[in-house]
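These values consider heavy atoms only, across backbone and side chains, with no hydrogens, waters or symmetry-generated copies. Quick note: residue numbers are just sequence positions, from 1.
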Amino acid sequence: MRIISLSALQHYAFCPRQCALIHNEQLWAENFLTAQGNALHERVDSGEPETRKGVRFERSVHVSAERLGISGILDMVECEIQTGKLKPVEYKRGKPKPKPSDEIQLCAQALCLEEMTGKTVEEGALWYMQTRHRHPVIFSTALREKTLQVINEVKTLLESGITPPPNYSKSCKACSLIDLCQPKLLERDKSGKYVVGLFGE
């Protein structure tokens, strides 16, 4: 069984085509946004574990959920020493997105922690550099179901080896793959339909 990275879930929830380009076609491109994100994660990941006010902060935590077929590295896990309560914290470069892609990635992190520890993880947090604000995320039944749905859809997408056609939107402008993806150009390209018409029944 192919193990899916937690980042693939975020990429898929943001854009299925982006997910396929990165994780099936192995395409990647840097822009100033991804460079900022890398710098942010380097600062976060380089920090040592510490304890403050009864909370242990663990950074760069490797997790996996074999039952679900997902794995990844968490930016931070907060653990209340007295209760053992766990809370994943994900650091993001920008600001909260209209789509719940970040929340889905964070919920998948919680599912990994639950499978590894046997403890219920009720909530986590997203910290955005642009707003410099922490957003709490409750792992509701609805969010868990959506996350499991995305995990299954990503498995299907990556196993198929098919890259979905582009669907141009405003969010494309912030994507580092826009020049490789060429969403506007390919949306106008009718060659796929021509080939289907030629050889299809």
Side-chain angles (χ1 to χ4, degrees), residues 1-42 44-45 60-76 88-94 96-116 124 126 128 137 143-187 189 192:
M1 180 176 64
R2 178 173 178 175
I3 301 298
I4 297 170
S5 69
L6 294 173
S7 61
L9 305 179
Q10 193 272 343
H11 293 147
Y12 181 88
F14 176 77
C15 171
R17 179 173 171 81
Q18 183 197 68
C19 180
L21 289 173
I22 293 173
H23 298 279
N24 263 352
E25 299 190 22
Q26 303 297 307
L27 295 180
W28 183 251
E30 292 283 0
N31 63 8
F32 76 99
L33 298 177
T34 57
Q36 281 185 339
N38 291 337
L40 170 64
H41 282 88
E42 284 178 7
V44 173
D45 296 342
S60 298
V61 180
H62 292 252
V63 297
S64 66
E66 293 186 10
R67 182 177 59 85
L68 297 174
I70 56 177
S71 70
I73 303 175
L74 280 55
D75 288 339
M76 181 183 292
V89 180
E90 177 72 13
Y91 286 76
K92 296 294 184 182
R93 182 211 63 82
K97 302 174 179 64
K99 294 182 178 180
S101 52
D102 294 341
E103 288 81 358
I104 288 169
Q105 181 184 11
L106 189 68
C107 185
Q109 294 179 4
L111 295 177
C112 287
L113 289 172
E114 289 181 342
E115 184 169 318
M116 292 175 67
L126 295 163
Y128 290 95
V137 177
L143 179 56
R144 289 170 180 270
E145 290 176 350
K146 180 62 178 176
T147 301
L148 292 173
Q149 177 187 337
V150 168
I151 291 171
N152 288 328
E153 289 176 359
V154 171
K155 285 180 182 178
T156 301
L157 173 69
L158 299 187
E159 288 172 1
S160 74
I162 297 172
T163 299
N167 183 20
Y168 185 77
S169 67
K170 291 181 180 179
S171 60
C172 292
K173 296 177 181 178
C175 179
S176 66
L177 297 183
I178 188 168
D179 291 333
L180 298 172
C181 176
Q182 297 184 317
K184 285 187 174 181
L185 177 63
L186 291 179
E187 272 194 334
D189 184 2

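Considering only residues two or more places apart in sequence or on other chains, Glu115 meets the salt bridge (Lys or Arg N to Asp or Glu O under 4.0 Å) condition with Arg67. With sequence neighbours left out, the side chain to side chain contact (heavy atoms under 4.5 Å, CB included) criterion links Cys112 to Leu6, Val63, Ala65, Ile70.
Within the 4.5 Å cutoff, no side-chain heavy atoms of Gln18 are placed close to those of Cys181. Leu68 places none of its side-chain heavy atoms less than 4.5 Å from the side chain of Ile4.
With hydrogens and angles left out, the side-chain atoms of Gln10 and Lys99 include no donor and acceptor closer than 3.5 Å. Judged purely by distance below 3.5 Å, without hydrogens or angles, the side chains of Thr163 and Glu25 pair a donor atom with an acceptor atom.
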Worked check of side chain to side chain contact (heavy atoms under 4.5 Å, CB included) between Arg144 and Gln149: CA-CA 9 Å; Arg144 289 170 180 270; Gln149 177 187 337; over 6 Å; no
Derivation of the side chain to side chain contact (heavy atoms under 4.5 Å, CB included) call for Ser7 and His11: CA-CA 6 Å; Ser7 61; His11 293 147; 4.0 Å; yes
Steps toward side chain to side chain contact (heavy atoms under 4.5 Å, CB included) verdict (Asp102, Lys97): CA-CA 8 Å; Asp102 294 341; Lys97 302 174 179 64; 2.7 Å; yes
Verdict with reasoning, Asn167 to Arg17, per side chain to side chain contact (heavy atoms under 4.5 Å, CB included): CA-CA 8 Å; Asn167 183 20; Arg17 179 173 171 81; over 6 Å; no
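From Ile73, atom CD1 reaches atom NE2 of His62 across 4.0 Å, with rounding to the nearest 0.5 Å. Rounding to the nearest 0.5 angstrom, the gap separating the CG atom in Leu177 from the SG atom in Cys15 is 9.0 Å. One finds the SG atom of Cys172 at 7.0 Å from the CZ atom of Phe14 (value rounded to the nearest 0.5 Å). Atom CE of Met76 and atom CD of Glu90 lie 11.0 Å apart (nearest 0.5 Å). Here the CD-CG distance, from Gln109 to Leu74, works out to 3.5 Å after rounding to the nearest 0.5 Å. Note that CD1 of Ile151 is 6.0 Å distant from CG of Leu111, once rounded to the nearest 0.5 Å.
With Ser160 contributing its side chain and Ile162 its backbone, the two residues share a donor-acceptor pair below 3.5 Å.
Closest non-hydrogen pair, Ile104 versus Ala13, comes out as CD1-CB, 3.9 Å. Between Tyr91 and Asp75, the shortest heavy-atom distance links the atoms N-OD2, 2.8 Å. Considering all non-hydrogen atoms of both residues, Leu106 and Gly124 come closest at CD2-C, 3.9 Å. Here the shortest heavy-atom pairing between Ala8 and Cys19 reads O-SG, 3.6 Å. A pairwise comparison of heavy atoms in Asn24 and Gly161 identifies ND2-CA, 3.4 Å as the closest pair.
In this structure, Glu153 does not pair ionically with Lys155, as no charged nitrogen and carboxylate oxygen lie closer than 4.0 Å.
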